[in-house]
Amino acid sequence: AGDDDGYRTAYHFRPANNWQNDPNGPMYYKGVYHLFYQYNPYRATWGNGNLSWGHSVSVDLINWSALDNALDPDSPSDANGCWSGSATFLPDGTPVFLYTGIDASNNQVQNVAFPKNASDPLLREWVKPSYNPVIALPEDVVHDQFRDPSTAWIGRDGLWRVAVSAGFKDGTGSTLVYRSKDFRSWERNAEPLYKSGSAGMVECPDLFPVAEPGAENGLDYASSNGAGLHVLKQSVMVTLSDYYALGRYDDAEDTFTPVEASGNDCRDWHRFDYGHVYASKSFYDAGKKRRVLWSWANESDPEPDYIARGWAGVQTVPRKIWLDSQGKQLLQWPIEEIESLRKTRVGLLGAEVNAGGMNEIIGVAGTQADVEVVFEIPALDGAENLDPNQLLDPQRLCGEKGASVPGGVGPFGLLVLASSDLQEHTSVFFRVFRHNGKYKVLMCTDLRRSTKRADVYKPPYGGFVDIDIEKERSISLRTLIDHSVVESYGGGGRTVITARVYPEHAETSNNRLLMFNNGTGMVKVSKLDAWELKAADVNVPGDGIITI
Ligand code: FRU
């Protein structure tokens, strides 16, 4: 335990100590980035009853200074906790929070809070008006299933809208829309934005527009003014995973229709991340005109262990998100600012990794690293055939066909956080299959050998990469390693897998980084860049507040 535990991250966002879960109210205001987050100021567990909004500020989304909590449970409408919510800019530029309060009777209600002094770019103090709550618990909604207001947006009729998660008493999980003239009195729209009987309660809705296919700039408000697509994201309690659909948002009816007819169960939608993340939330960064996504990556070792370490939960590296050039899915990429942490670089050009081969990447301390590799696949004919009748479950396939199970084209990829005897390692890799006459590219992060500890959750994670491998003949992998986090971007951000790992050898700082190929065919590494990363200043106690 203590500052020197081997699992403490060096550049992922976390408070210095105690518990953190969802990102809340991210925004860019007067040159400063703000991140608020679900925070238990007393200990490293979630702690029903006393959640606050922690608050940190940054000018680069990488180095952060901690400020006092923005919201604490100290009013009748949030006496038992200040739960998740979002920030919205009013027409005069003032930010306002909509957030869930657990009120004195333990009902979930929606509250507002305003900056005490909007001319302070650090927005240190927040004021809760006495007229809270602004949205009371509806009759037909379960008392503890009404929460997580989204960023609000204005329709062409001039009315505000906000999306709120609601579990109906009949068991339906839904996302309701409320409308308001003045941000104070809100009226429920009869038609929900989303509704499903099968997926159960959904949380933390996020609705935002995307620019045209391939355009990397972000857009601010939801609006059906124009033909643009929107994204609706849901966090699903039963799977603890986030799912999103691309669709049409109608700002007259306030309905959302996914473009793919994958039905109403959002578990059939796309995943932002096939690993261990939840409760993501995006914001429009007006500084760099991009949309940025935050998501929470919880611990996955036993509670007594993280209580002993004194901290729990990180946020993934902020990711830029945009629509791919075919308009089929979102692409995600670590914000460019992360590159400011790069120091020692190791490069390789044109290496070949033969069947059964391993190449060590020497000269980079493998506990804090950023690795980018491009694998070229000279021949695809060796690809393994998958039974055409088989229902394809990528996670199960990663479990059956792990890094050490020889294949045709792949498995090839990286071994990270490997011990000197390689007994402990996390493998991040691709494998190409043929299925019904088409090539399918599988991406896996396999944690089963990541630690010798038996009490840790260490599954294989997997997702398919939507890439035409026959045409492209190469696939890229970028992996960010940060002590207990392995965050990997396959195919230029088409498929992302974030994992929390707890190697036993972490304390020895003996971490090897290797490339491997267990396919029968050779793969060519047309490019490899590996950087050791500096530690960022993330909420370092006693550190000064940023100056701007
Ligand atoms: C999601 C969530 C939200 C809630 C918050 C409480 O992780 O359960 O629905 O507002 O966490 O901390």
Side-chain angles (χ1 to χ4, degrees), residues 13-15 18-26 35-55 69-73 77-87 97-103 106-113 133 135 137 141-151 162-168 173-176 194 199-207 232-244 266 272-273 275-282 293-300 303 306 312-316 498 500:
F13 181 93
R14 57 171 172 75
N18 301 320
W19 168 271
Q20 154 183 247
N21 57 296
D22 312 356
N24 292 154
L35 183 63
F36 306 86
Y37 53 91
Q38 287 289 282
Y39 179 52
N40 181 348
Y42 305 106
R43 55 184 179 275
T45 59
W46 180 64
N48 199 7
N50 40 34
L51 283 158
S52 292
W53 277 35
H55 183 193
N69 291 343
L71 301 174
D72 287 309
S77 57
D78 62 17
N80 288 306
C82 299
W83 284 21
S84 284
S86 308
F97 291 151
L98 269 161
Y99 72 99
T100 298
I102 312 301
D103 74 8
N106 276 315
N107 288 327
Q108 300 189 344
V109 297
Q110 317 315 322
N111 298 321
V112 289
I135 308 180
L137 177 71
V141 171
V142 182
H143 83 281
D144 60 355
Q145 296 191 3
F146 184 52
R147 57 179 179 269
D148 305 340
S150 69
T151 293
V162 66
V164 183
S165 297
F168 286 115
S174 79
T175 305
L176 299 177
Y194 168 87
M201 175 71 181
V202 289
E203 313 179 298
C204 303
D206 197 11
L207 176 73
L232 177 63
K233 185 277 301 190
Q234 300 287 11
S235 300
V236 177
M237 283 185 82
V238 289
T239 57
L240 281 181
S241 296
D242 289 358
Y243 304 83
Y244 74 88
C266 61
F272 280 130
D273 195 303
H276 195 62
V277 305
Y278 195 59
S280 57
K281 187 181 294 292
S282 69
L293 181 76
W294 286 104
S295 350
W296 165 47
N298 196 8
E299 301 311 306
S300 39
E303 185 178 275
Y306 57 79
V314 303
Q315 303 295 335
T316 54
T498 300
R500 298 299 311 275

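Each residue takes its place number in the sequence, starting with 1. Computed from a predicted model, the values in this text were never measured in an experiment. Start at 1 and go down the list; that is how both ligands and their atoms are numbered.
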Numbering the atoms of ligand 1 from 1, which are under 4.0 Å from a heavy atom of [X]?
X	value
D148	3 (C), 4 (C), 9 (O), 10 (O)
W83	4 (C), 6 (C), 10 (O)
L51	12 (O)
S84	5 (C), 10 (O)

Less than 3.5 Å apart, any donor N or O on the side chain of [X] or [Y] sitting next to an acceptor on the other?
X	Y	value
Q20	R14	no
N24	S84	yes
D148	S165	no

Spacing of [atom1] belonging to [X] relative to [atom2] belonging to [Y], to within rounding of 0.5 Å:
X	Y	atom1	atom2	result
I102	D78	CD1	CG	9.0 Å
L35	Q315	CG	CD	5.5 Å
D242	S295	CG	OG	6.5 Å

Margin query: Looking only at distances, can you tell me whether any N or O atom of Y278, backbone or side chain, sits closer than 3.5 Å to an N or O atom of ligand 1?
Written below: no
Note to self: Pairs of nitrogen or oxygen atoms closer than 3.5 Å, one from W296 and one from ligand 1: do any exist?
What the structure shows: no
Of the protein's non-hydrogen atoms, which lies at the shortest distance from [atom], and what is that distance?
atom	answer
atom 8 (O) of ligand 1	E203 OE2, 3.1 Å
atom 1 (C) of ligand 1	D22 OD2, 3.0 Å
atom 6 (C) of ligand 1	Q38 OE1, 3.3 Å

Item checked: Mode of T100 contact toward ligand 1 - side chain, backbone, both, neither (heavy atoms, under 4.0 Å) -> neither
Item checked: Aromatic plane relationship, W53 with Y99 - under 30° parallel, 30 to 60° tilted, over 60° perpendicular -> perpendicular
